[in-house]
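Just below is one structure, and these are the notes that go with it.
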Amino acid sequence: MTSIALPRLLRIGGGALQETGETLRQLGLSRPLVVTDRFLLDHGLVERLLAALRAGGIDATVFADAVPDPTEASVAAALAALHGRDHDCVVGFGGGSPIDTAKAVAVLARRGGRMRDLKAPHQEDRPGLPIIAVPTTAGTGSEATRFTIVTDERTDEKMLCVGLAYLPVAAIVDFELTLGKPPRLTADTGIDALTHAIEAYVSRKANPFSDGMALQAMRAIAPNLRRVCRTPGDRAARAAMMLGATQAGIAFSNASVALVHGMSRPIGAFFHVPHGLSNAMLLPAVTAFSAPAALERYADCAIAMGIVPPGTDSAGAVDALLHELRALNAELAVPTPKQWGIDRDRYRAVVDTMAAQALASGSPGNNPRVPTADEIVGLYHEAWE
């Protein structure tokens, strides 16, 4: 039996932001805390959201101090802002970090405690406050997932937290919010979305529903990723990337990610590499490691991405997929950890800890080829070069 979980409402397309107030009213909500970041506040995007809420007769309080890679401390600050008034829901507005912060706040508001008590393998299904997600990047898919990630400052561990409590009740997916995003952010978030789709499809927890979403996401993302990086104002490419990111989020929320994500989180926690970028650093090497255990599944990915035509033999399709992933990283100037400026000695000093944290997250256990700690260490060293 397959169990599928989705947001109750999805509003997708250019101009969807204007329907945010109406969406809250449909859900019987009227007192939101908007969780966002300082950049979006200073550049006027938060005001666009607030105007859409006011048009629906809703006044909101804003917490604009969400930080990249949210920590327990930053979540606590947002939670204090929520407790300052009688809020009945939380709106996450931004990339993955504000939305992850909003999810954590919504759960802790009802449950209490600390996020470190909720990290995987704990499953938190008891509902918190309703979450409405409004992504401003085409990458994380967090608007449609039952996950959040918060860093434990004591251990530099990015804690994966899982459960239906983190699944937004509604998502407003408006590609117009991504117009003007810089090429580096566009590339990193786009490869993040592509990684979600690939990993959902090859995951040991894949199912027919997630397969359909993952393949659709790859078909949307692959032909448009280079295009949207070359021409940031291309509305059709932006729309395809935004839809693909949401489809990929639905796919991995209902199938799970795998080894790339398991290894990516510790790189982000220890060296503050943006999540999409750390996924991109790892994707070619991890795919090469994993593909022999699932040749046909990875071949399907190559076909869905338009790299090879249907009917191509699996081995040839996988070779083409690996070539494409390496070429994509080269064209989009994805650095290695070494090129990004990570200190070699520091990297080597923590690589065993990173491998242990990757395994503890549970994601590598969903990989077609389940790695040992030593194999993960080897992949970290391979990615370094």
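All values reported here derive from a predicted model rather than from experimental measurement.
For R238 and D234, the salt-bridge test fails: no basic side-chain N is under 4.0 Å from an acidic carboxylate O. With respect to K119 and E157, a salt bridge is recorded, a charged nitrogen being found less than 4.0 Å from a carboxylate O. Between R348 and D343 no salt bridge is recorded (no basic side-chain N to carboxylate O distance below 4.0 Å). We find that R230 and E331 are joined by a salt bridge, their nearest charged nitrogen and carboxylate oxygen being less than 4.0 Å apart.
Annotation: side chain of N254 is in contact with side chain of L6 (closest heavy-atom distance under 4.5 Å). Taking the side chain as every heavy atom from C-beta outward, F93 and D37 never approach each other to under 4.5 Å. A 4.5 Å side-chain heavy-atom check between E72 and T151 finds every atom pair outside the cut-off. For the pair D300/Y201, a side-chain contact is recorded, criterion being any heavy-atom separation below 4.5 Å from C-beta on.
Looking at L277, T140, T137 one by one, the single match for side chain to side chain contact (heavy atoms under 4.5 Å, CB included) with D192 turns out to be T140. Here the rule is side chain to side chain contact (heavy atoms under 4.5 Å, CB included) with L259, and of S264, P368, P364 only P364 fits it.
Considering CG of D59 and OG of S30, their distance stands at 10.0 Å, rounded to 0.5 Å.
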Does the pair F147 and F252 meet the rule for a ring pair (Phe, Tyr, Trp, His ring centres under 6.0 Å), with working shown? CA-CA 10 Å; F147 307 107; F252 86 80; 5.6 Å; yes
When you look at D100 and K158, which way does the salt bridge (Lys or Arg N to Asp or Glu O under 4.0 Å) test go after all the steps? CA-CA 12 Å; D100 277 356; K158 272 192 169 185; over 6 Å; no
Worked verdict on E19 versus R25 for salt bridge (Lys or Arg N to Asp or Glu O under 4.0 Å): CA-CA 10 Å; E19 299 182 9; R25 288 201 299 139; over 6 Å; no
Under the salt bridge (Lys or Arg N to Asp or Glu O under 4.0 Å) criterion, do R126 and E124 qualify, and how do the steps go? CA-CA 6 Å; R126 290 174 292 176; E124 187 61 35; 3.3 Å; yes
R114/E153 under salt bridge (Lys or Arg N to Asp or Glu O under 4.0 Å): CA gap, chis, key distance, verdict: CA-CA 12 Å; R114 303 288 295 273; E153 302 98 319; 5.5 Å; no
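Both cation-pi conditions hold for R369 and F289: the charged atom is under 6.0 angstrom from the six-membered ring centre and inside a 45 degree cone around its axis. Stacking of R235 on the aromatic ring of F175 is not recorded, the 6.0 Å distance cut-off and the 45° axial limit not both being met.
Cluster membership for L167 and I132, using ILVMFWY side-chain heavy atoms within less than 4.5 angstrom, is not shared. A single hydrophobic cluster is not seen to contain both V67 and L41; linkage of ILVMFWY side chains at heavy-atom distances under 4.5 Å, directly or through other members, places them apart.
In terms of heavy atoms, A16 sits closest to I172 at O-CG2, 3.4 Å. The two residues A66 and P98 have their closest heavy-atom pair at CB-CA, 4.0 Å.
Side chains of N279 and H261: a donor-acceptor N/O pair is present below 3.5 angstrom, by distance only.
For R54, the CZ atom is densely surrounded, since the number of other residues' heavy atoms within 6.0 Å is greater than 12. The environment of E296 atom CD is sparse: at most 12 non-hydrogen atoms of other residues, nucleotides or ligands sit within 6.0 angstrom. Dense packing is recorded around NE2 of H381, with more than 12 heavy atoms of other residues, nucleotides or ligands lying under 6.0 Å away. For CZ of F271, the number of neighbouring non-hydrogen atoms (other residues, nucleotides, ligands) closer than 6.0 Å is greater than 12.
Side chain of K103 to main chain of S142: a donor-acceptor pair is present (N/O by atom type, distance under 3.5 Å, no hydrogens or angles). Formation of a donor-acceptor pair under 3.5 Å by the R204 side chain with backbone atoms of N367 is found in this model. Put simply, the side chain of Y380 gets close to the backbone of M263: a donor and an acceptor are under 3.5 Å apart. No donor-acceptor distance shorter than 3.5 angstrom exists from the side chain of S210 to the backbone of A255, with no hydrogens or angles considered.
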